[in-house]
2 protein chains.
Amino acid sequence: MRNKDEHKERLIRDKAMEMIVKEGFDGMSMQKLAKAANVSPATIYIYFKNREDLLNHLYNEVQATFSEVALKGFSPALNFETGLWLQWQNRLRFINAFPYQYQFYEQFRNSPLINHSDVQLIMDFKANMKQFLTNAVERGEIKKMEPEIFWSLAYGPFYALVKFHLQEKTMLGRHFKISPSKLKSMFNQVIKSFQ
Amino acid sequence: MRNKDEHKERLIRDKAMEMIVKEGFDGMSMQKLAKAANVSPATIYIYFKNREDLLNHLYNEVQATFSEVALKGFSPALNFETGLWLQWQNRLRFINAFPYQYQFYEQFRNSPLINHSDVQLIMDFKANMKQFLTNAVERGEIKKMEPEIFWSLAYGPFYALVKFHLQEKTMLGRHFKISPSKLKSMFNQVIKSFQ
DNA sequence: AATATAAATGAATGTTCATTCACTTATAAA
DNA sequence: TTTATAAGTGAATGAACATTCATTTATATT
């Protein structure tokens, strides 16, 4: 018996995400992917049932990692400002470390493919965030509001800023990381909207 | 001489955007589009040089309309709160009226296709927004900040909320419009972040 | 009414696509 | 060392793709 080559699967996954980010979903054909990963097209089908299965696996993996990183050191018991700032930092860390994975994730979520994927937001993650919001309201740190308003106010500016920087990267061929001081400064302004 | 059928071109454009929103860029093939618009594939090539040209025309058209609607009644001379609220209302009006066009626009902007398009943000629009920011700072209505921070704070929450509602629409098959009171309430919170 | 012209077409064209298959190769277990 | 098994392959398959082309059709101009 011969074992699957973990390195090979990793390469297939990474090249697929890179190709999708650079050339779009149509730009990632199975044959082009095979060539980029130095394998036979048939090899991809050992690891993934088909193209759709591959894409869903990629999405699942990124979502799992992203959720994990976002919640690193987090607890709903943290006070509002500390907890939200921690999450901003965690998220930015992931985006800086894995820009292709993040951009693939965004592209997938914003495409109709997401409708054919039976993927759910990690339970743990959702529960944590809900509890965090409830606690903050109960402590009187923020006023009561609908979850979608909370989410829009708390993360809308963050993701908008990230988008700016990732677009610059695409245009100039290199990645301008968001400076921590700029992020903190904007965070302080966002916090005001909850007061 | 036979004239071009304006109605026919409009139908091609609208069906193309609808297909892209519903099935993604790969889901919109020239032959499927022809069938949806009740024309021959060759007819599409009378109106557009090729597929890429069609997509770029669609993008240009939506951008032009969107910019126009967004600036309706706007002037950089307006005070900060009035001007920003006007733009929020204008933008939401466009999104509610033309959800497919808006979603196509977003999908295009978030895809690598945008890199191959030589389209620029309408000059007039850019200049207006820049002047608006400058004026608000000079009047002491908001503190001085980089344009990308301003943009992220002023529009990040708005677009995040829009995304929420458009996703709900996709899932349930119908469109839940954002209530004006909910929008105004969030707007008031956003304003605080500039104080 | 005749004519010139551009719109509009359906049936091709050659290409690329996702996927399969008969086959070879590497290696864990015996 | 042998053997069973699953990894890995290159070439093939049929479907779908963007685009073209030889014709036909509608109409504005004469």
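Chain A is the first sequence line, chain B the second, and so forth, proteins listed ahead of strands; every chain is numbered from 1. As a basis for the values below, the full set of heavy atoms in this structure was taken, side chains included, without hydrogen atoms, waters or symmetry mates. The structure displayed is predicted, hence computed values, not measured ones.
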Which letter, B, S or -, goes with each nucleotide of nucleotides 9-14 of chain C from 5' to 3', with contact meaning a protein heavy atom under 4.0 Å?
BB----
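Atom NZ of B:K184 is surrounded by more than 12 heavy atoms from other residues, nucleotides or ligands within 6.0 Å.
Using a 4.0 Å cut-off on heavy atoms, the residues of residues 49-59 of chain B that approach DNA chain D are B:N50, B:R51, listed by number.
Counting to the nearest Å, the C1' atom of C:dT25 and the CG atom of A:D5 are 14 Å from each other. Going from atom CZ of A:F48 over to atom P of C:dA18 covers 15 Å, rounded to whole Å. Whole-Å rounding puts the B:E6 CD to C:dA7 P distance at 11 Å. For the pair A:M30 CE and D:dC17 P, the computed distance is 17 Å after rounding to whole Å. In this entry the distance linking OH of B:Y45 with C1' of D:dA22 reads 18 Å, nearest Å. To the nearest angstrom, C1' of C:dA18 lies 16 Å from NZ of A:K35.
The two residues B:A16 and B:L58 have their closest heavy-atom pair at CB-CD1, 3.8 Å.
The cluster map of Ile, Leu, Val, Met, Phe, Trp and Tyr, joined by side-chain heavy atoms under 4.5 Å apart, puts A:F194 and A:W151 in the same cluster. A single hydrophobic cluster is seen to contain both A:I191 and A:I142, as judged by linkage of ILVMFWY side chains at heavy-atom distances under 4.5 Å, directly or through other members.
Within the 4.0 Å cut-off from OP1 or OP2 of C:dT16, not a single side-chain nitrogen or oxygen of A:S29 is found. Between B:Y47 and the phosphate of C:dA8, there is a side-chain N or O to OP1/OP2 separation shorter than 4.0 Å.
The cationic atom of B:R91 (NZ for Lys, CZ for Arg) does not lie both less than 6.0 Å from the six-membered ring centre of B:Y102 and within 45° of the ring axis. In this structure, B:K4 satisfies the cation-pi test against B:Y47, with its NZ or CZ atom closer than 6.0 Å to the six-membered ring centre and inside 45 degrees of the ring normal.
Within the 4.5 Å cutoff, the side chain of A:L71 has no heavy atoms near those of the A:N90 side chain.
With sequence neighbours left out, the salt bridge (charged side-chain N to carboxylate O under 4.0 Å, His left out) criterion links B:E9 to B:R13.
Side-chain contact of B:Q63 with B:Y59: a donor-acceptor pair under 3.5 Å is present, judged by distance alone.
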